[in-house]
Amino acid sequence: MAVCARLCGVGPSRGCRRRQQRRGPAETAAADSEADTDPEEERIEAGAAALAGAGGGRGAGPSPPPRCSLLELPPELLVEIFASLPGTDLPSLAQVCTKFRRILHTDTIWRRRCREEYGVCENLRKLDITGVSCRDVYAKRINPRVKSGRFMKILPDYEHMEYRDVYTCLLHRYRHILGLWQPDIGPYGGLLNVVVDGLFIIGWMYLPPHDPHVDDPMRFKPLFRVHLMERKSATVECMYGHRGPHNGHIQIVKKDEFSTKCNQTDHHRMSGGRQEEFRTWLREEWGRTLEDIFHEHMQELILMKFIYTSQYDNCLTYRRIYLPPSHPDDLIRPGLFKGTYGSHGLEIVMLSFHGKRARGTKITGDPNIPAGQQTVEIDLMHRIQLPDVESLRSFNELSRIVLEVREQVRQEQQQREEDGAEDGEGRAPQSPREPQRGPAQPSVELPAEKGGGPADGEAAAAAAPAPEQPAQSGQGQPFVLPVGVSSRNEDYPRTCRMCFYGTGLIAGHGFTSPERTPGVFILFDEDRFGFIWLELKSFSLYSRVRATFRNAEAPSPQAFEEMLKNIQSLTS
């Protein structure tokens, strides 16, 4: 008991913190200078040894092995034990005794915690030999024209830095901003990934590839970075603009929300004025010049986006987002997808599954359907059997099939409402994974402005297919877009697995008069799907974002559902 008390820092042992608090400074110093033994404990151990010896003489069995205190272990073993503990527990461990506190100054312990908890694998003492990733981040990704001499001036003083400082003053202090975030840039939104990169914490803005190359990899650029320029002093730098890093600030507003501020916005300006800034932005955003874009409406949308987003180069607020949880019975693996949206270009959509429905939520948006809204919603209980390729070329034939299914869905919903009105108890409550049947939530969005389409009422319910469980796999069938359906990307797959009835959200400029319209969800393979918007006679192709994101898992399904509601309410 005494040994356990001494190790834990409580109880009647000499190292008890309560007794140390009652002692004076002189008594505490004297106690620390004494041998690390307890007379009472020694008498107990001696008595136990004598009894064991006497019992052994009477043939009572082998004597118990001698007990060993944790304090008696060699320092190398204690270092290995402490290095396996979470870094947040080490400060409390340092308060147990002087020996523990002295051992916890070993930098090997903190280096391991930096590596295992945050992925840091650099060697502070051998950066020139091993090659540090932050060097590549700055010299190759941020400013390729920088000279090596100037670069060394902006690197931290690694010779006098310790991993304990990296852990406590950088990684642990800014741990709350790691993960995925959506910037509050009006209707446009965005995708920010804050990661530990080398000995830096960097906020990378992920951008879709240039329109309409939906299968190309994502582009990314740094918005800010945090690192230790001096020991125990973290520095925040804004990376926006083309003049290199400059002074910035990060403030954690509340849980799952933080903001960044640039203190030197003159670094964002270019010598050629706004025209040069616009031309540079256009090449980065669209990969072309304004003269290459002949569509007048698209030119207006591009200019509007530049004017709007350039107002947010001084201060930005970010809200945390999670990747959707995955279940074995999902149609495909949920996640982030790049999709074509007509004149608005490529946008990022999050596909998630909710029981009998799947939803596509916009992470980036546009003036018609802003970020946070549900752009498509798929009814997995109403599968659509496409006709043969020749019949599919007729838009009227596809429209007839989809409208029949829509009428069936309407009748089923009406029947459920009548059953609920007649039966006081109604149906059993739905599980969180089942679709909510009540007032329709905003769900789907269309690439451009509203246009003429099929009439709302024409549907023959006679030949509607019966509901069926969503299939997990199936034989591929030929697919072709009907004549008259526009597509930004003609390089779409010519075979598909299966199709389902869905709805899309369309609205006028400024998210005016939003309404859900029928459409067809086409599953091509594990990484690609499409959606045909009947009213707009338009086709959107989606391709999976293949980037790997750390610290992006939702703590629970309820937390993910709450996150979806929060980002949608901001633009509703």
[Y] and [X], any side-chain heavy atoms less than 4.5 Å apart:
| X | Y | result |
| --- | --- | --- |
| Leu336 | Phe549 | yes |
| Cys238 | His267 | no |
| Thr317 | Tyr312 | no |
| Leu192 | Leu316 | no |
| Tyr501 | Val402 | yes |
| Ile332 | Leu351 | yes |
| Arg497 | Glu526 | yes |
| Glu285 | Phe306 | no |

Scan residues 202-219 for pairs that pass salt bridge (Lys or Arg N to Asp or Glu O under 4.0 Å), counting only residues two or more places apart or in two chains.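 Every pair satisfying salt bridge (Lys or Arg N to Asp or Glu O under 4.0 Å) with a residue in residues 202-219: Asp211-Arg488.
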
By the salt bridge (Lys or Arg N to Asp or Glu O under 4.0 Å) test, which pairs, at least two apart or in different chains, include something from residues 306-316?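 Residue pairs passing salt bridge (Lys or Arg N to Asp or Glu O under 4.0 Å), neighbours aside: Arg269-Asp313.
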
Counterpart residues, side-chain contact (heavy atoms from CB on, under 4.5 Å), relative to Val389 (two or more places apart):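 In terms of side-chain contact (heavy atoms from CB on, under 4.5 Å), with neighbours along the sequence ignored, Val389 is linked to Arg393, Pro478, Val480.
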
Taking only residues two or more places apart in sequence or in another chain, which ones pass salt bridge (charged side-chain N to carboxylate O under 4.0 Å, His left out) with [X]?
| X | answer |
| --- | --- |
| Lys254 | Glu257 |
| Glu284 | none |
| Asp527 | Arg544, Arg546 |
| Arg410 | Glu407 |

Looking at the rings of Tyr322 and Phe560, which for Trp means the six-membered one, are their centres under 6.0 Å apart?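 Ring centres of Phe560 and Tyr322 not closer than 6.0 Å.
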
Value rounded to 0.5 Å, distance of [atom1] in [X] from [atom2] in [Y]:
| X | Y | atom1 | atom2 | result |
| --- | --- | --- | --- | --- |
| Thr309 | Met304 | OG1 | CE | 12.0 Å |
| Leu523 | Leu380 | CG | CG | 10.0 Å |
| Asp366 | Leu301 | CG | CG | 8.0 Å |
| Leu191 | Ile321 | CG | CD1 | 5.0 Å |
| Thr512 | Asn368 | OG1 | CG | 8.0 Å |
| Asn314 | Tyr240 | CG | OH | 11.0 Å |

Passes side chain to side chain contact (heavy atoms under 4.5 Å, CB included), Lys305 versus Trp286? Steps please. CA-CA 12 Å; Lys305 184 175 183 179; Trp286 289 82; 5.5 Å; no

Please report the shortest heavy-atom distance between [X] and [Y], naming the atom on each side.
| X | Y | result |
| --- | --- | --- |
| Gly519 | Phe531 | CA-CZ, 3.6 Å |
| Ala371 | Thr364 | CB-C, 3.9 Å |
| Leu481 | Ser487 | CD1-CB, 3.8 Å |
| Pro208 | Met218 | CA-SD, 3.9 Å |
| Pro325 | Pro334 | O-CG, 3.5 Å |
| Ala547 | Tyr206 | CB-CE2, 3.9 Å |

Would Asp329 and Phe353 count as a side chain to side chain contact (heavy atoms under 4.5 Å, CB included) if you check the C-alpha gap in whole Å, the side-chain angles of each, and the deciding distance to 0.1 Å? CA-CA 10 Å; Asp329 56 346; Phe353 291 90; over 6 Å; no

Please assess Leu386 against Leu398 for the test side chain to side chain contact (heavy atoms under 4.5 Å, CB included), listing each intermediate value before the final yes or no. CA-CA 8 Å; Leu386 294 179; Leu398 177 64; 4.0 Å; yes

Under 4.0 Å between a Lys/Arg side-chain N and an Asp/Glu carboxylate O for [X] and [Y]?
| X | Y | result |
| --- | --- | --- |
| Glu117 | Arg175 | no |
| Glu397 | Arg400 | yes |
| Asp419 | Arg416 | no |
| Lys565 | Glu561 | no |

Determine, stepwise, if the pair Tyr341 / Ile369 fulfils side chain to side chain contact (heavy atoms under 4.5 Å, CB included). CA-CA 10 Å; Tyr341 280 89; Ile369 305 298; over 6 Å; no

When you measure from the side chain of [X] to the backbone N and O of [Y], does any donor-acceptor pair fall under 3.5 Å?
| X | Y | answer |
| --- | --- | --- |
| Thr340 | Ser540 | no |
| Asp525 | Arg528 | yes |
| Lys338 | Val214 | yes |

Which donor-acceptor pairs under 3.5 Å do the side chains of residues 180-187 make with protein atoms, sequence neighbours left out?
from: Trp181; atom 1: NE1; to: Ile177; atom 2: O; distance (Å): 2.8
from: Gln182; atom 1: NE2; to: Ile363; atom 2: O; distance (Å): 2.8
from: Asp184; atom 1: OD2; to: Arg319; atom 2: NH1; distance (Å): 3.4

Could you tell me how the ring of Tyr542 sits relative to the ring of Phe529: parallel (under 30°), tilted (30 to 60°) or perpendicular (over 60°)?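 The arrangement is parallel - the two ring planes meet at less than 30°.
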
Sequence neighbours excluded, which residues qualify as side-chain hydrogen bond (donor to acceptor under 3.5 Å, both in side chains) partners of [X]?
| X | answer |
| --- | --- |
| Arg274 | Glu277, Ser310 |
| Asn489 | none |
| Asn193 | none |
| Ser391 | Asp388 |

Between Glu412 and Gln408, do the side chains contain an N or O donor and an N or O acceptor separated by less than 3.5 Å?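 Gln408 and Glu412 do have a side-chain donor-acceptor pair below 3.5 Å.
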
More than 12 heavy atoms of other residues, nucleotides or ligands under 6.0 Å from CD of Gln275: yes or no?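 At most 12 heavy atoms, drawn from other residues, nucleotides or ligands, come within 6.0 Å of this atom.
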
Aromatic Tyr318 / basic Arg320 pairing, under 6.0 angstrom, 45° off normal: no

